[in-house]
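A short write-up of the structure that comes next.
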Number of protein chains: 2
Amino acid sequence: MEEENNKKITIADVAKLAGVSKGTVDRVLHDRGGVSRKSMEKIRQVIDELGYEPNVYASMLAMRKEHVIACILPDSIKDDYWYLVREGFEKGGENIASMNIRTRIFLYDQYSPESFRKAGMQLLESNPSGVVLPPFFKNDTYTLANALSLRGIPYVYVDSKLEDDGHFAYYGMPMYKSGYLCARLLTLRVPQKQLKGVLVVRIIRDKMRQSDPTLNRRSGFLDYMAEYYPSCGIHNLFIDPQAPKDTERQLNTFFKAHPGIRHIVMFNSRVHLLSDYLSRNPDPDRVVVGFDNLEKNISALSSGLVSVLICQHTDLQSYNAVMALSDYIIKHKRPERKDNFMHMDILTSLNIDNY
Amino acid sequence: MEEENNKKITIADVAKLAGVSKGTVDRVLHDRGGVSRKSMEKIRQVIDELGYEPNVYASMLAMRKEHVIACILPDSIKDDYWYLVREGFEKGGENIASMNIRTRIFLYDQYSPESFRKAGMQLLESNPSGVVLPPFFKNDTYTLANALSLRGIPYVYVDSKLEDDGHFAYYGMPMYKSGYLCARLLTLRVPQKQLKGVLVVRIIRDKMRQSDPTLNRRSGFLDYMAEYYPSCGIHNLFIDPQAPKDTERQLNTFFKAHPGIRHIVMFNSRVHLLSDYLSRNPDPDRVVVGFDNLEKNISALSSGLVSVLICQHTDLQSYNAVMALSDYIIKHKRPERKDNFMHMDILTSLNIDNY
DNA sequence: TTTATTTTCGTGCACGTGCACGAAAAATTT
DNA sequence: AAATTTTTCGTGCACGTGCACGAAAATAAA
């Protein structure tokens, strides 16, 4: 459409054709004010007449500001769920390092809202050009989001998302659907009358975190079961991640009481907590479905203890978030879609390579 | 590790500390010769002493050359396999357009090696800075790859790969494994004695293309079947994509002769060719497994005609290829791994969204 | 009309690198 | 030693944009 004939159009070209100086063109390009209505209109017209597009390189070179993309995260051990988020963020950081955009991570204690607020303050002080924001404590996340909005700093939700429309983008998983899919994979090709019952293993957690996305997943799961296996019993077992011994004992007693049940599911990312029990009580007909590609889960999958993992490329979420922000910083481009739901990947022992 | 204290190190800094001019530093940075051994060593030393890293923006700004990334592709109709490759390539193109790197596609007729050679010549004439190269005609692809090597132009294989180590990178699928996985998904939770037989639908194709990657997939499939269902019969049916009527008739006669068979598989990307027959002869117990996320396949999946699709994110392959090449052009960085095998995605009707 | 104030705009340098041109230094030939 | 060739190197401009400084023009106040 535009004339591709030769050279790129520069600010100087626009200036000449509009009969002003490049300084003035620059002013309208950046809405910096101090331009008469008449010149502005003329310049605007010339700009899209020529199809002017700014030169990213020259722009970044001239603009000395050092950009920082920040992320606030629970201080997690390795191979935790949040560690995946972190890895993706850092991967993105490496990618844009040569673009002169730095990344910074602000950690907090996931059992202390106080520490979250503190980390949030530090994040604000670092004056970032963009923020990756996985919601944890609902209210405090709101507060932080508002503070960012106020300063005109774009923030991207990952993992889950608050009811807030001021965000720059969102990368996460369709939680409800993932539960639905989970139920399907758990019961695939199992006739109705043959399904004796299902065990849902859950975690005793303190209620600090006001919003737990896996609850939606649970709804999806229960809805599927109600639809296709209405008479199937759903048993809940609450375990404590800190006490593996107890877990194994609890499972033992449960299965002694319900020998017919061979379908197990966990809605959070810690299905690997069952590994000990499962490996000590092998059963070829058992089906175990879990979530998320933690290393421990992956190895449980490849050793056959877990049948299927449903993954959401947790690391890709934060990676995409970083890239979207850097694209905005560099090219002033927004992502195609504001809310991006990741694909649900089905992992079995046969396709875990190259994930 | 390096001192982050303040400013970025520039060529001028290096020059001063090495006691030379920036021109000389530039010469060693680009291996342009004309530098005495002594100065060179000194400069090299200073460079990694200071941890100098070139400024991408300044570099690209100063270097006026217009970069082109090219791709050579079969001239395909929409919703063909190659169309996915093309989409990914173009997507990558949009992404780097603002970086002043253009993309160009050279099309050829997939039934004419002659046209491939012609397109290859044109590609060379366009003097690209990088090439995305899906092998088709084996020998001619070799010839082209050699020509590129000779000119120092990096080329990236996608889809499949020749036995050639001069390539810059490779993005493709583990074909053998995908066949293995396919067999598993086809027979999942089916007891040995219950499996009456399997139908493999294949395509009569002219043998122009000397290398057909789906043959590897077939081996993987057969190996799995031989291992887990040694007595299961594998039937082959050859159809002509140009003659849908014949296809339907062939399928009808086949299933009249083998009423017990309900497991169907296709190794190429055209499982949608079976849609007509399948929709006219519904059978809830039938299992159909195919490959690749063509639009037509996707809709066959979501309408329940096809049970499972194994996908390799064909578009991501060429997309990644473009990004890898642009990263090399801009930042002189090579991808982490030379040969990259894509993940095999398992698609069912429940997780086709957001793919 | 003159002066003060505000609005509008032009000029010019800086950003860090690539590269051409030609000068200086070293090596070779005469 | 002088002249010539080759090697080595320094200088300076260009790339396109951002922004500060101050000048010019327009407007308001005297």
Side-chain angles (χ1 to χ4, degrees), chain A residues 6-44 46-47 50-67 97-101 129 329-333, chain B residues 6-44 46-47 50-67 97-101 129 329-333:
Chain A
N6 252 353
K7 291 292 160 196
K8 271 284 194 177
I9 286 97
T10 74
I11 284 190
D13 298 326
V14 176
K16 189 156 48 165
L17 208 72
V20 295
S21 78
K22 65 198 185 75
T24 309
V25 176
D26 182 74
R27 270 181 276 269
V28 337
L29 280 176
H30 295 84
D31 288 321
R32 197 125 25 86
V35 180
S36 69
R37 162 178 294 275
K38 208 172 51 154
S39 327
M40 198 170 82
E41 277 168 3
K42 177 69 179 169
I43 290 170
R44 285 253 161 81
V46 172
I47 281 177
L50 293 184
Y52 166 78
E53 295 226 350
N55 181 318
V56 185
Y57 304 117
S59 173
M60 289 301 281
L61 177 59
M63 189 172 47
R64 255 93 62 75
K65 179 165 168 26
E66 184 188 56
H67 290 283
S98 60
M99 298 292 183
N100 232 351
I101 302 179
S129 305
I329 294 172
I330 298 180
K331 316 181 203 163
H332 304 281
K333 271 189 185 155
Chain B
N6 252 352
K7 291 290 159 198
K8 271 283 193 177
I9 286 99
T10 73
I11 285 190
D13 297 327
V14 175
K16 188 155 50 168
L17 207 73
V20 294
S21 78
K22 66 200 184 77
T24 308
V25 177
D26 182 74
R27 270 180 276 268
V28 336
L29 280 176
H30 297 81
D31 286 322
R32 200 131 17 91
V35 180
S36 69
R37 160 180 294 275
K38 208 174 48 158
S39 330
M40 197 170 82
E41 278 167 2
K42 177 69 181 167
I43 290 171
R44 285 252 162 79
V46 172
I47 281 177
L50 293 184
Y52 166 79
E53 297 227 348
N55 180 316
V56 184
Y57 304 116
S59 172
M60 289 300 283
L61 178 60
M63 188 172 47
R64 251 95 60 77
K65 181 166 167 26
E66 184 189 55
H67 290 283
S98 61
M99 297 290 181
N100 233 352
I101 303 178
S129 306
I329 294 171
I330 298 180
K331 317 181 202 163
H332 303 282
K333 273 191 183 153

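First the proteins, then the strands, lettered A, B, ... as listed; each starts at 1.
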Sugar-phosphate only, base, or nothing, as touched by D26(A) at under 4.0 Å among non-hydrogen atoms: base
Outermost DNA chain C nucleotides near chain A [under 4.0 Å, heavy atoms]: dT8(C) to dG16(C)
Contact nearer the 5' end of DNA chain D, comparing S39(B) with A12(A): S39(B)
Sugar-phosphate, base or nothing in reach of L61(B), heavy atoms under 4.0 Å: base
Which residue lies more 5' along DNA chain D, comparing H332(A) with G19(B) via nearest heavy atoms: G19(B)
Whether over 12 other heavy atoms sit under 6.0 Å from K65(A) NZ: yes
M99(B) and I330(B), any side-chain heavy atoms less than 4.5 Å apart: yes
First of G23(A) and R37(A) reached from the 5' end of DNA chain C, by closest nucleotide: R37(A)
Partners meeting side chain to side chain contact (heavy atoms under 4.5 Å, CB included) with V46(B) (sequence neighbours left out): V14(B), L17(B), A18(B), K42(B), L50(B)
Residue pair R32(B) / D26(B), side-chain heavy-atom distance below 4.5 Å: yes
Where S98(B) and K333(A) come nearest, the two heavy atoms and their spacing: CB-NZ, 4.2 Å
Side chain proximity check, L29(B) to Y52(B), heavy atoms < 4.5 angstrom: yes
